[in-house]
Each structure stands twice: as C-alpha cells, then as structure tokens.
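This report refers to the structure that appears directly beneath it.
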Amino acid sequence: DTGVSQDPRHKITKRGQNVTFRCDPISEHNRLYWYRQTLGQGPEFLTYFQNEAQLEKSRLLSDRFSAERPKGSFSTLEIQRTEQGDSAMYLCASSLHVNEQFFGPGTRLTVL
Amino acid sequence: GESVGLHLPTLSVQEGDNSIINCAYSNSASDYFIWYKQESGKGPQFIIDIRSNMDKRQGQRVTVLLNKTVKHLSLQIAATQPGDSAVYFCAENVQAGTALIFGKGTTLSVSS
C-alpha cells in the first residue's frame, strides 16, 4: 500500500453515462497525476496538478474529461458521455516536489 | 513520437537466477528514469530510479544501468524470487516531476 487511495476500485456503467473517480494522494504530496492504462499497455499520462493548479493536460484528455483538485488535496476525474473506448484502468499518482511518483491501486472502468 | 520501449515482452527465469530486463528510450533529452513493478490488479510500484548524470544505481537486490550513448536502460534483479513475478515498466521524464512516459512492459515469470 503506497498511501495513495482511489475510489471506487471498480465501476461498470452504460455508454452515455457520466462517471466520477476520486483520488486521495499521500497527505504531504503537492503533485498529483492521472494516467490511463489499457490491457497490455503501459500507463498513459492524462494530466497533473501542482497543488490546486492543473499544469499539464495530454491530448488524450478530450473535452469529455475534466479533472479538478480544488483544495490541493484530493482530486476528481470526471468522464462525461462515456464511450466503450473509455474502458480502462484509471491510475492516480502523487509525488512530493519532483521526486518519484507513487501510484494508487487504480479504478477499473468498464463501459457497456 | 517519443516513447520508451522494451526489448522483450516476456522473460522466464528459474528461482535464484539473476534477471535482466532491458529498455530502449528514444528521447535524448530525458533526464530521469524509473523502473516500476506492476502485479495483476494493482497500480505500478516504484522500484528504483536514476538521473541522467549517473550510469548506475543500486538498491536492495536491484541495479539500474543507464547507457546514454545508446539510450538504453536495464534493470538487474539478483537472486530472483517467485514474488518478483510481475510486469516491469521503465518510464522516463524529460523533466523530473512532470508526465512519465511508459513503455509497454516486460512480463517476468519466475518458476521455482
């Protein structure tokens, strides 16, 4: 257990529905990252925050995706109008300054 | 695009053998490299990192070697144990603290 928690661990939804995931980083970590991982592939970067500021977004983060970290602590990732191609493991990681990133267990999303 | 790749998708070894997992990276500007271990259903677990101003770093039973001339990274695991069975990813940062770029992974299987 790295100290990064994610909720829920599993989510099954129907195409077109909205879903929201939550990540709680290690408490003193100022950076928080979201990645997506599909079967057999390495994680792909989506976005990251330094405190409450969203500093970088990948082109993978379409306009259906939005991430927030309102108080610089936990973060949420929302996917609107889900599509079957959104099915993946969504991973959150946190780091203190520019040190190593510690990953949570992930939220596995299945879109039917 | 720039990406990190691995030479072999799978590696099978006997318990007690030394394992070597290789990775080739393409971005000569990358400054920071990390090896992660991922077990089924879990998030990636940090193993060891190395910065571009080093060519070798040792941890407990693990050693990472960096050859910037040929843009090659390797992870050596001494006295491999069944608990080492997992998928191993190398990842790179152009700038530490920003997005990690992951390769596809090598599945290590250790038989006793």
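Every chain is numbered from 1, with letters handed out A, B, ... down the list of sequences. What you are looking at is a predicted structure, and each value in this text was computed from that prediction instead of being measured.
Of the possible polar contacts, none joining the A:Tyr35 side chain to the B:Ala99 backbone as a donor-acceptor pair under 3.5 Å is found. Of the possible donor and acceptor atoms, one in the side chain of A:Tyr33 sits under 3.5 Å from a partner among the backbone N and O of B:Gly97.
With rounding to the nearest 0.5 angstrom, the CD1 atom of B:Ile34 is 7.0 Å from the CD atom of A:Glu100. Considering CD of B:Gln38 and CE of A:Met89, their distance stands at 7.0 Å, rounded to 0.5 Å.
Of the atoms belonging to B:Thr98, heavy atoms from both backbone and side chain fall under 4.5 Å from chain A.
Linking ILVMFWY residues whenever their side-chain heavy atoms come closer than 4.5 Å, directly or via other members, leaves A:Leu32 and A:Ile26 in distinct clusters. Under the 4.5 Å side-chain heavy-atom criterion for Ile, Leu, Val, Met, Phe, Trp and Tyr, B:Val64 and B:Leu11 are members of the same hydrophobic cluster. No chain of hydrophobic side-chain contacts below 4.5 Å, direct or via other Ile, Leu, Val, Met, Phe, Trp or Tyr residues, connects A:Leu96 to A:Val4. Side-chain heavy atoms closer than 4.5 Å link hydrophobic residues (I, L, V, M, F, W, Y) into clusters, and following such links, possibly through other members, connects B:Tyr88 to B:Phe33. Follow the hydrophobic side-chain contacts under 4.5 Å out from B:Ile77 and you never reach B:Ile20; the two are in separate clusters.
Aromatic ring orientation, B:Phe46 versus A:Phe102: tilted (interplanar angle from 30° to 60°).
Of all residues spanning residues 41-60 of chain A, those with a heavy atom less than 4.5 Å away from chain B's heavy atoms are A:Gln41, A:Gly42, A:Pro43, A:Phe45, A:Tyr48, A:Glu56, arranged by number. Annotation: residues 48-56 of chain B contacts chain A through B:Asp49, B:Arg51 [non-hydrogen atoms, separation under 4.5 Å].
Within 6.0 Å of CG on A:Leu39 lie no more than 12 heavy atoms contributed by other residues, nucleotides or ligands. Annotation for A:Glu68: atom CD does not count as buried by contact number, only 12 or fewer foreign heavy atoms lying within 6.0 Å.
By the side chain to side chain donor-acceptor pair (under 3.5 Å) test, A:Glu28 is found to be paired with no residue, residues two or more places apart in sequence or in another chain being considered.
Within the structure, every pair that satisfies the side chain to side chain donor-acceptor pair (under 3.5 Å) test and touches residues 4-22 of chain A, not counting sequence neighbours, is listed here: A:Arg22-A:Asp24.
Residues A:Thr2 and B:Gln45 are not in side-chain contact: their nearest non-hydrogen atoms beyond the backbone lie 4.5 Å or more apart.
The shortest non-hydrogen separation linking A:Gln37 to B:Phe89 is NE2-CZ, 3.6 Å. Considering all non-hydrogen atoms of both residues, B:Pro44 and A:Leu91 come closest at CD-CD1, 3.8 Å.
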